[in-house]
Amino acid sequence: MKIYNTLSKQKEEFIPLEPGKVRMYVCGPTVYNLIHIGNARPMIVFDTVRRYMEHKGYEVNFVSNFTDVDDKIIKKAVEEGVDASVISERYIEECRKDMKAMNVKTATTHPRATEEICGMLEMIQTLMEKGYAYRAADGTVYFRTRKFKEYGKLSHKNLDDLQGGNRSLLVSGEEQKEDALDFVLWKPKKEGEPYWESPWCSGRPGWHIECSVMSKKYLGEEIDIHAGGEDLVFPHHENEIAQSEAANGRTFARYWMHNAFLNIDNRKMSKSAGNFFTVRDISEKYDLQILRFFMLSAHYRSPLNFSGELMEAAKSGYERIVTGVSNLNFLLKNAPSATAGGEEDALAAELDGFSAKFDAAMDDDFNTADAISVIFELVKFANTHAGEGSSAAFLEALKKKIVELSDICGLLVEKEEELLDGEIETLIGERQAARKAKDFARADEIRDELLHKGIVLEDTREGVKWKRA
């Protein structure tokens with residue numbers, strides 16, 4: 001397995017720190033609004049990386065944070081006249097809903113910045129004791145960038161050419177800095193903002209320190225993979241390296257992975273340009289499995305353009321796989337129970353070749369575009385060789401392979417058959433009869449079956465009512 005390492009600017013063989021285990025950290029969203037489709041790309045991409053690692057037999061400790069204290073969160077809280085925690089909690093829950101709809105797996109740990117303040121204070125104190133950080137007159141704590149001799153090794157920037165700046169979290173009073181490149185670790189409180197006590201002043205952390213601390217706490221001082229969007233390479237990830245390696249005295253992450261930008265109709269996404277879309281916006285028109293398919297249809301390091309035309313193409317591609325599985329399910333209903341034999345045995349033996357080709361694509365820096373092409377080839381193979389006379393064993397083998405490879409990509413391609421109203425009423429009647437006969441186990445079984453298919457029952461004085469969830 002080879003991974004393109006932003007640090008070395010080349011593909012490298014993946015060798016984990018600990019055999020059979022992967023420690024992976026992915027920078028998560030700042031929760032001040034609904035996530036947009038730019039946020040969705042790294043979520044989907046690195047969820048797929050995780051899934052493939054697990055498919056290969058690795059035990060993956062996957063950590064992705066929620067930044068729940070930030071200028072944007074505070075600004076929105078002031079606008080609504082509520083505490084900042086109300087805003088962050090609201091949008092964490094909304095983010096979880098969107099992630100579930102995109103079939104993004106829950107991380108092993110989803111730490112929140114506000115719950116890790118003690119660790120941040122400890123790391124800042126360590127940096128001060130080692131001479132990598134200093135306190136300004138107003139209590140702001142800065143990192144001495146030039147003292148970390150390898151600064152710029154990730155972004156491949158020349159230190160002397162860099163401009164100071166770190167994502168609008170800089171405080172006023174730049175004249176307090178020893179060097180224009182120094183960045184904030186801790187900053188003084190402002191009126192009406194959340195704050196915590198520290199040895200330097202009452203205040204809150206800078207943006208970069210949270211990921212260094214969370215990664216160390218949940219994954220250890222050195223990790224296998226650190227990932228995020230390419231916009232995070234500088235300054236965020238560069239600053240994380242400086243903080244972590246200065247504090248811990250060892251390599252922070254061995255492999256750095258970054259997905260390329262997502263553009264809208266060949267323009268950068270922005271509200272002012274009128275081309276800004278949240279994941280929720282897209283869900284009103286498309287199943288979010290189609291959004292996931294779209295995101296994986298290009299290599300993660302290639303810029304991706306989002307448009308209605310391309311989403312329609314993704315819809316057609318995704319439905320082609322879904323239809324292939326549906327056709328196999330239809331054939332299975334009336335397939336002979338005899339096991340495969342003769343020609344079917346030979347055809348079934350070819351299925352492992354599809355897996356090998358799929359793995360080869362994913363082993364080459366997670367080339368999901370080529371991996372999906374293999375799934376298309378498999379669907380074509382199934383359409384060509386499966387028919388009314390096919391054995392159940394052969395049909396099951398075909399379906400199992402398509403579903404297995406699709407699942408590695410996080411694509412749900414086997415749809416539950418939607419119940420018709422008449423079928424629902426029949427099942428409700430069976431449930432009522434079971435209850436009358438005091439067969440409550442069967443009654444509960446029917447309720448659960450309906451719930452699994454998206455039908456919610458409500459027992460009322462007027463009788464049983466139902467609705468689609």
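- Within 6.0 Å of CD on Glu93 lie more than 12 heavy atoms contributed by other residues, nucleotides or ligands.
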TODO: Starting from the C-alpha separation in whole Å, work towards a yes-or-no answer on side-chain hydrogen bond (donor to acceptor under 3.5 Å, both in side chains) for Arg23 and Ser215.
DONE: CA-CA 9 Å; Arg23 305 173 198 174; Ser215 179; over 6 Å; no

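- Put simply, the side chain of Ser307 gets close to the backbone of Leu310: a donor and an acceptor are under 3.5 Å apart.
- Counting heavy-atom neighbours within 6.0 Å of Glu312 CD, excluding the residue itself, gives a total above 12.
- When the ring pair (Phe, Tyr, Trp, His ring centres under 6.0 Å) test is applied to Tyr91, no partner is found at least two apart in sequence or on another chain.
- Dense packing is recorded around NZ of Lys130, with more than 12 heavy atoms of other residues, nucleotides or ligands lying under 6.0 Å away.
- Between the side chains of Glu240 and Ser212, no donor N or O sits under 3.5 Å from an acceptor N or O.
- The side-chain tip of Arg301 points at the ring of Tyr4 from less than 6.0 angstrom away and within 45° of straight on.
- Side-chain atoms of Ser244 and Arg250 form no donor-acceptor pair, as typed in the model, at a separation below 3.5 Å.
- Across Cys201 and Gly139, no two heavy atoms sit closer than the pair SG-O, 3.4 Å.
- With sequence neighbours excluded, no residue forms a side chain to side chain donor-acceptor pair (under 3.5 Å) with Arg320.
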Task: Evaluation steps, salt bridge (Lys or Arg N to Asp or Glu O under 4.0 Å), between Arg447 and Asp459 - done: CA-CA 11 Å; Arg447 174 188 280 276; Asp459 294 310; 2.9 Å; yes

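- Between Tyr132 and Phe143, the ring planes are parallel. Angles under 30° get that label, and only those over 60° would be called perpendicular.
- In summary, Glu284 and Arg280 do not engage in a salt bridge, as defined by a charged side-chain N under 4.0 Å from a carboxylate O.
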TODO: Using the salt bridge (Lys or Arg N to Asp or Glu O under 4.0 Å) rule, take Lys105 and Glu54 through it: C-alpha gap first, then chi angles, then the decisive distance, then the call.
DONE: CA-CA 12 Å; Lys105 295 176 69 173; Glu54 291 173 341; 2.6 Å; yes

TODO: Could you walk me through whether Thr114 and Arg204 pass the side chain to side chain contact (heavy atoms under 4.5 Å, CB included) test, one step at a time?
DONE: CA-CA 9 Å; Thr114 57; Arg204 58 188 174 94; over 6 Å; no

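- Between His208 and His237, the ring centre distance reaches or exceeds 6.0 Å.
- Of the inter-residue distances, the one linking Ile37 atom CD1 with Met102 atom CE reads 11.0 Å to the nearest 0.5 angstrom.
- The pair Lys157-Glu238 does not meet the salt-bridge criterion, since no charged nitrogen lies less than 4.0 angstrom from a carboxylate oxygen.
- Looking at every heavy atom in both residues, Met43 comes nearest to Cys95 through CE-SG, 3.7 Å.
- In this structure, a donor-acceptor pair under 3.5 Å is present between the side chains of Asp281 and Thr278.
- Minimum interatomic distance between Val49 and Met24 (heavy atoms only, all atoms of both residues): CG1-CE, 3.8 Å.
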Open item on the list: Before you tell me yes or no, could you show the steps for Tyr300 and Asp365 under side-chain hydrogen bond (donor to acceptor under 3.5 Å, both in side chains), namely the whole-Å CA-CA distance, both residues' side-chain angles and the distance that decides it to 0.1 Å?
Closed with: CA-CA 9 Å; Tyr300 76 92; Asp365 194 31; 2.6 Å; yes

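- Between Thr140 and Pro188, the shortest heavy-atom distance links the atoms OG1-CD, 3.1 Å.
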Open item on the list: Apply ring pair (Phe, Tyr, Trp, His ring centres under 6.0 Å) to residues His36 and Phe276 and explain how you reach the verdict.
Closed with: CA-CA 8 Å; His36 55 71; Phe276 181 92; 5.5 Å; yes

TODO: Might you work through the salt bridge (Lys or Arg N to Asp or Glu O under 4.0 Å) test for Glu94 and Arg90, ending with a clear yes or no?
DONE: CA-CA 6 Å; Glu94 295 302 322; Arg90 177 197 306 164; over 6 Å; no

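- Between Phe294 and Phe306, the ring centre distance stays below 6.0 Å.
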Open item on the list: Go through it in stages, so that I can follow the logic: the residues are Asn248 and Lys216, the test is side-chain hydrogen bond (donor to acceptor under 3.5 Å, both in side chains), and I'd like the CA-CA distance, side-chain angles, deciding distance and then a yes or no.
Closed with: CA-CA 9 Å; Asn248 302 327; Lys216 179 180 179 179; 3.1 Å; yes

Task: Worked check of side chain to side chain contact (heavy atoms under 4.5 Å, CB included) between Arg254 and Glu222 - done: CA-CA 8 Å; Arg254 300 181 72 180; Glu222 185 172 358; 3.6 Å; yes

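- Taking the six-membered ring for Trp and the full ring otherwise, Phe66 and His110 have centroids separated by under 6.0 Å.
- We find that Glu116 and Arg112 are not joined by a salt bridge, their nearest charged nitrogen and carboxylate oxygen being 4.0 Å or further apart.
- For the pair Met120 and Ile209, the tightest heavy-atom approach, listed with the atom from each and the gap, is SD-CG2, 3.8 Å.
- Taking the charged nitrogens against the carboxylate oxygens, Lys56 and Asp363 do have a contact shorter than 4.0 Å, which makes a salt bridge.
- Between the side chain of Asn367 and the main chain of Asp370, a donor-acceptor pair closer than 3.5 Å is present.
- Heavy atoms of other residues, nucleotides or ligands lying less than 6.0 angstrom from CZ of Phe261 number more than 12.
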TODO: Walk me through it: do Ile3 and Phe366 pass the test side chain to side chain contact (heavy atoms under 4.5 Å, CB included)?
DONE: CA-CA 8 Å; Ile3 296 177; Phe366 307 98; 3.6 Å; yes

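- Tyr32 and Asp71 share no side-chain donor-acceptor pair at under 3.5 Å.
- Neither side chain, Asn5 nor Lys11, offers a donor N or O lying under 3.5 Å from an acceptor on the other.
- Side-chain contact annotation: Glu245 with Thr251, donor-acceptor N/O pair under 3.5 Å absent.
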Open item on the list: If you apply the rule salt bridge (Lys or Arg N to Asp or Glu O under 4.0 Å), what do you find for Glu12 with Lys2, and how did you get there?
Closed with: CA-CA 5 Å; Glu12 299 177 8; Lys2 291 187 179 292; over 6 Å; no

Open item on the list: Checking Tyr151 against Asn239 for the side-chain hydrogen bond (donor to acceptor under 3.5 Å, both in side chains) test, could you report, in this order, the C-alpha distance in whole Å, the side-chain angles of both residues, the deciding distance, and whether it holds?
Closed with: CA-CA 8 Å; Tyr151 193 86; Asn239 290 354; 2.4 Å; yes

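- Asp265 places no side-chain N or O within 3.5 Å of a backbone atom of Arg267 that could act as its donor or acceptor partner.
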Task: Phe183/Tyr142 under ring pair (Phe, Tyr, Trp, His ring centres under 6.0 Å): CA gap, chis, key distance, verdict - done: CA-CA 5 Å; Phe183 59 88; Tyr142 293 99; 9.1 Å; no

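- Annotation for Ala246 and Phe148: closest pair N-CE1, 4.2 Å, computed over non-hydrogen atoms.
- Between the side chain of Asp182 and the backbone N or O of Asp179, at least one donor-acceptor pair lies under 3.5 Å.
- Residues satisfying the ring pair (Phe, Tyr, Trp, His ring centres under 6.0 Å) criterion with Tyr52, sequence neighbours excluded, are His55.
- Donor-acceptor pairing under 3.5 Å is lacking for the side chains of Asn259 and Glu230.
- Defined by atom type and a distance below 3.5 Å, a donor-acceptor pair is missing between the side-chain atoms of Gln176 and Tyr134.
- Side-chain N/O atoms of Glu122 and Thr126 include no donor and acceptor closer than 3.5 Å.
- The pair Asp47-Arg292 meets the salt-bridge criterion, since a charged nitrogen lies less than 4.0 angstrom from a carboxylate oxygen.
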